[in-house]
2 protein chains.
Amino acid sequence: MRRPPERRVVLADVARLADTSEATASRALKHDPRIGEATRAAVHAAAAKLGYVPNAAARSLRAQRTHILGILLDDLADPVHAKVAAGFEEAAASQGFAVFIMTGLHDQAREQRALTAFVEHRADGIIVASCVSDPADVLDRVRADRVVFVQPDYPALADGAEPPARGVVRTDDSAGVAATVRHLAERGYRRLTYAGPSGWSSNAWRRAAATATVEELGLGPLRFVDVPVDAWRDPSGLALTLADDPPDAVLCYDDKLALGLLDALRSTSLVVPDDLAVVGFDGIPAARQSWPRLTTVEVPSVEVGRHAVEMLISSVRDGRMPASEVLPVSLVIGDSTPQRAPRTGGPDARATVATLPGAGS
Amino acid sequence: MRRPPERRVVLADVARLADTSEATASRALKHDPRIGEATRAAVHAAAAKLGYVPNAAARSLRAQRTHILGILLDDLADPVHAKVAAGFEEAAASQGFAVFIMTGLHDQAREQRALTAFVEHRADGIIVASCVSDPADVLDRVRADRVVFVQPDYPALADGAEPPARGVVRTDDSAGVAATVRHLAERGYRRLTYAGPSGWSSNAWRRAAATATVEELGLGPLRFVDVPVDAWRDPSGLALTLADDPPDAVLCYDDKLALGLLDALRSTSLVVPDDLAVVGFDGIPAARQSWPRLTTVEVPSVEVGRHAVEMLISSVRDGRMPASEVLPVSLVIGDSTPQRAPRTGGPDARATVATLPGAGS
DNA sequence: TTGTATGCGTTATCAA
DNA sequence: TTGATAACGCATACAA
């Protein structure tokens, strides 16, 4: 069995064995058209025989181009972020880029260290996904035509700041939430509650979209329940709050929270969906396997990662960062939001007026 | 707001501004003790003012050490693999290593390309996780003291080949399966079925452990159902097979399959756990939120990633690869395997003899 | 078609 | 305590 070469084998070794110069060997290996067939074959044979592998550091140093992309994301253990990373890695690899992946774990200092690492390694491009750092801080350290922001979620956005017009990939969360509210209205749900972690801009957007659509449709006022960001691990508090004065349906910030809630509600007297409809957001795999199957908004996370890479590589090639993109999402209707049965006590008019704007007031 | 420097700023620029030589500037920046306080301050000030970031490629070239680790894994979108990656990344970052992550996606050619990328970039160490390539092939290209294999799953292992004695991190799947079977026996389940994708060595091990434990406990013979590797996406075939002649309990290769099965069984007349108990393997988050909650074997995936990094870094430092490790797993008892009620028709002796070896024959 | 020489940015060796 | 210089491995401008 062949072993890896003991001593480092460099281009000079290949050239020597092929009986040419380093320059010729270098050109032959990258199929420069003006190298004779004979020498090219000799060089390739020598390289194969010696197990030569070019040194990327030396090449990068010389070429001022690393063919490295970096992605900074929040947490690989989170299914949504992992999918973005998967799309990113796959797209980057298919274009011949190696990828650095670093996680921020909600920690600004970590995020800064990750950026430092990317810059030290002179990554050709960087993707900043779901990070708490303000893009302005990132742009202090990296050229704007070398960064793409994915699903930015920094605090200023919650206060209404606009994300950059170029180099951002987002999903149309507002449309997803609006579609969800419409779906609920059509199915006869009127008293809605939105549950999510306040302070996150992504949450603020979703909540705002829910509010707007509820008003547009003339549904009962939207109630809010603020939950801790890790409430999905133990949603019993949310379950109790809901059980105390149950709405018709609850919109959860994401699927993790919704699935946790489904579980927690089994310890209460509320039955889903008979007493309470539940919807999630993201479309993680577990949402398809839950009971009842979760109605949710499917976010094309893998696509998000791919698009980000394509924007980035395009910008790296010609220095022009493409305009920001907003990818469409889709409502997936499960069994957690069935057509609502009329309440006991006879037919209930509320269900039928739900889609008539203004009829409720 | 400060912008990133337009022209590349290199050490020479810092030296010039600080009015010293490159050598002194270099030493001052890495806090060489024999540099005067005044010059050190001047150099640091100059570096800060210019926004100097050292070039890792140049440093690596010179130092013959990259501080880069590479991990090759199967699929970032898979929760188990993503967790290994998360542990890997976190541990590596905390030790000051940048990490290349590449995915194989069950494709030998992709795996080989990933290895090539790692070698070109002269990664200080490599982790090969859950890959289809034979370790022997990997060792043709990488020094043995620079690779750690995680959960190796190459075909030869299914035929009884032993994994390497050093540089491997695995989990004690056999013990986990054995504990599961014992648990089922104690709870009164006797007729067991094992469902998994044949051809995978990890499946072969789990299945063999189940067989051995079933025999040891004197339970009825273990039945097997071979399923495609992606059966979890559509487990209706498995559900029908089980419904056709239901065992007391079914052991699934992993949680994804078990959760899919729970879902698919809702379209049959079988009720879990009354008619059929179900157990999974891995302990993914969704298993805690399913209904009924899944009894499963919890695998410390994040720990696996961490241990792999620690082994690797240790070996990189002193050239001695630590001995292989087998991490313990733990049985998590959910609601999918309750104490079994006696069958209709009166008390059933089978439940009580389950734990008595030999009593069943 | 091939060879020579230089420089990419950093660090380590040697000399001052 | 500091400075000049060579070398890491490769690719290219220029010469032949």
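Letters go in sequence order (proteins before strands), and every chain restarts at 1.
- Counting only residues at least two apart or in different chains, salt bridge (charged side-chain N to carboxylate O under 4.0 Å, His left out) contacts with residues 85-105 of chain B comprise A:R110-B:E89, B:E90-B:R306.
- Between the NE2 atom of A:H121 and the C1' atom of C:dG9 there is a distance of 14 Å, rounded to whole Å.
- Remark: A:T39 is not in phosphate contact with C:dT1, judged by side-chain N or O atoms under 4.0 Å from OP1 or OP2.
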(message) Walk along nucleotides 8-16 of chain D from 5' to 3' and tag each nucleotide B, S or - by protein heavy-atom contact under 4.0 Å, base first, then sugar-phosphate.
(response) BBBBBB---
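- Checked for salt-bridge contact, A:D32 and A:K30 miss the test: no charged N lies under 4.0 Å from a carboxylate O.
- As judged by a 4.0 angstrom heavy-atom cut-off over every strand, B:S60 is placed among residues making no nucleic acid contact.
- Around atom CG of B:D107, more than 12 heavy atoms belonging to other residues, nucleotides or ligands sit under 6.0 Å away.
- In this structure, B:R62 has no side-chain hydrogen bond (donor to acceptor under 3.5 Å, both in side chains) partners at least two apart in sequence or on a different chain.
- A distance of 9.5 Å separates CD in B:E111 from NE2 in B:H106, rounded to the nearest 0.5 Å.
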